[in-house]
2 protein chains.
Amino acid sequence: MSLAVINYHQGMSRWEPNARGRLLQAALELYVERGFEQTTVAEIAKLAGLTERTFFRYFADKREVLFWGAAALQELLVSTVAGAPDSEAPITVIGTAIEAAGAVFQEGREGALLRQSVIAANAELQERELIKLASLASAMADALRKRGVSDPGASLSAEAGIAVLKIAFERWINETSPQDLPQLIRELFAELKVVTGAT
Amino acid sequence: MSLAVINYHQGMSRWEPNARGRLLQAALELYVERGFEQTTVAEIAKLAGLTERTFFRYFADKREVLFWGAAALQELLVSTVAGAPDSEAPITVIGTAIEAAGAVFQEGREGALLRQSVIAANAELQERELIKLASLASAMADALRKRGVSDPGASLSAEAGIAVLKIAFERWINETSPQDLPQLIRELFAELKVVTGAT
DNA sequence: AACGTCATGTCAGCGAATGACATCGCTCTC
DNA sequence: GAGAGCGATGTCATTCGCTGACATGACGTT
């Protein structure tokens, strides 16, 4: 890994565009090189050519930088659930949505690996990841209820889907030669079916 | 709610026993009265007749006070899983363990209500709760593997069990006249079976 | 009575986060 | 094209969570 020699603002004056992007890139680089705890917000801001105060105008806290993509993922899941044919069973709808999420992760696996290695090394980041996942489950359950799915079933299906995503992602990220993530997700849904009550 | 008039050390000198207990009680009282964020560690320590530094010798951080019971819960879950008859299916073993946890919550519902109202009002506390739940799932999955359950199934069963516990607890805590929690858990496991499409 | 040990106190300091206010650069208008 | 307005950024001060280093007090042992 190379040291942080690049200064993302260099000769730039104030008002250089893409402040959020510069902060994002600077933070990721430092988190990967030194680790999350060993990186201060002041360092990130300096590398991006901004001040500490500005960092907190773009990101609620030091952790949030790593979870910037969560909103888009939530939109994908919700819209996939909302757009599914009315005839499909709730668990099938959730399965389709989770597979779509898996396909997104599959592109850009290198970035996901880097990001996950940072998260795996820090408990605070794992906490943040878990609450994002819980938020995804909650949003999917809402989307199911809008389709007329009644309540214990909606929550259970959504939570089950997130559980599958967690386990599938973990396996996929730890594989040296990765298999197809959506397919792995499909297999885990099948396994879940077996596990919960094969007679 | 009464203001914090009680000083848990009063005329006590140094070396008064049960420092952890006093900190626990002081923290809970202040969290309930003022809310978690509005309570400083210095205030907790003062109410307990100790110093801020000593608080951090007993609790890793300000949040951990509210999760002191998690270790005992984990032991209960793991030992229940470990002690189940060999003939039982993994999901049944998990179901028994989760029901046992539910029974523990059922005693002391008032305390659980108070605790949960504090947690519900603060995102950081929800994060900590989620990582504790994830830790419970991980511990149960380990316990299943020691019984010879192979890996995708062990993780899936454990995560499904935790999902059921989450949903059951949430419903139970929001009921004015609460039904039997272990029974609610049993019903949710049945519903999960239906939802996943197990025939 | 001296000693060692363990719990607690004291002190100094770092870093995350936030509020209040100043300042800079762009754009729009007259 | 000079000034007004405005949004993005900087500056400053402060609070609070948390930690390390070291001092001190109480207790049991010999």
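In what follows, chains are A, B, ... by sequence order, proteins preceding strands, each numbered from 1.
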In whole angstrom, what separates [X]'s [atom1] from [N]'s [atom2]?
X: A/Glu124; N: C/dG15; atom1: CD; atom2: P; result: 15 Å
X: B/Lys46; N: C/dT10; atom1: NZ; atom2: P; result: 13 Å
X: A/Gln38; N: D/dT19; atom1: CD; atom2: P; result: 13 Å
X: B/Glu52; N: C/dA7; atom1: CD; atom2: P; result: 20 Å
X: B/Glu37; N: D/dC16; atom1: CD; atom2: P; result: 12 Å
X: A/Phe55; N: D/dG10; atom1: CZ; atom2: P; result: 14 Å
X: B/Asn122; N: D/dC16; atom1: CG; atom2: P; result: 16 Å

To the nearest 0.5 Å, tell me how far [X] [atom1] sits from [Y] [atom2].
X: A/Asn122; Y: A/Ser117; atom1: CG; atom2: OG; answer: 11.5 Å
X: B/Arg63; Y: B/Glu124; atom1: CZ; atom2: CD; answer: 5.5 Å
X: A/Leu156; Y: B/Ile167; atom1: CG; atom2: CD1; answer: 4.0 Å

Worksheet item: Quick one: is A/Thr54 getting a side-chain N or O under 4.0 Å of the D/dG10 phosphate, OP1 or OP2?
Response: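 Yes, within the criterion.
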Worksheet item: Can you get from B/Val93 to B/Val78 by hopping between Ile, Leu, Val, Met, Phe, Trp and Tyr side chains that sit under 4.5 Å apart?
Response: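 B/Val93 and B/Val78: separate clusters.
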Worksheet item: Among side-chain atoms of B/Glu29 and B/Gln25, is any donor-acceptor pair under 3.5 angstrom?
Response: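 Not at all, the side chains of B/Glu29 and B/Gln25 share no donor-acceptor pair under 3.5 Å.
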Discussion item. Assess whether a salt bridge exists between A/Glu52 and A/Arg57, defined as any Lys/Arg side-chain N lying under 4.0 Å from an Asp/Glu carboxylate O.
Written reply: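 Judged by the 4.0 Å cut-off on N to carboxylate O distance, A/Glu52 and A/Arg57 do not form a salt bridge.
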Worksheet item: Is B/Lys132 salt-bridged to B/Glu127, going by a charged N under 4.0 Å from an acidic O?
Response: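 No, this pair does not count.
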Discussion item. Students often mix this up, so state it plainly: with edges at 30° and 60°, are the rings of B/Phe36 and B/Tyr31 parallel, tilted or perpendicular?
Written reply: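 Taking B/Tyr31 first and then B/Phe36, their aromatic rings stand perpendicular (interplane angle over 60°).
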Please list, for nucleotides 11-14 of chain C, all pairs of protein and nucleotide N/O atoms separated by less than 3.5 Å.
none

Worksheet item: In residues 56-71 of chain B, which ones come under 4.0 Å of DNA chain C, going by heavy atoms?
Response: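 Per residue number, the list reads B/Arg57, B/Tyr58.
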Discussion item. A/Arg20: which residues meet the side-chain contact (heavy atoms from CB on, under 4.5 Å) condition with it, sequence neighbours left out?
Written reply: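 So A/Arg20 forms a side-chain contact (heavy atoms from CB on, under 4.5 Å) with A/Tyr58, A/Phe59, A/Trp68.
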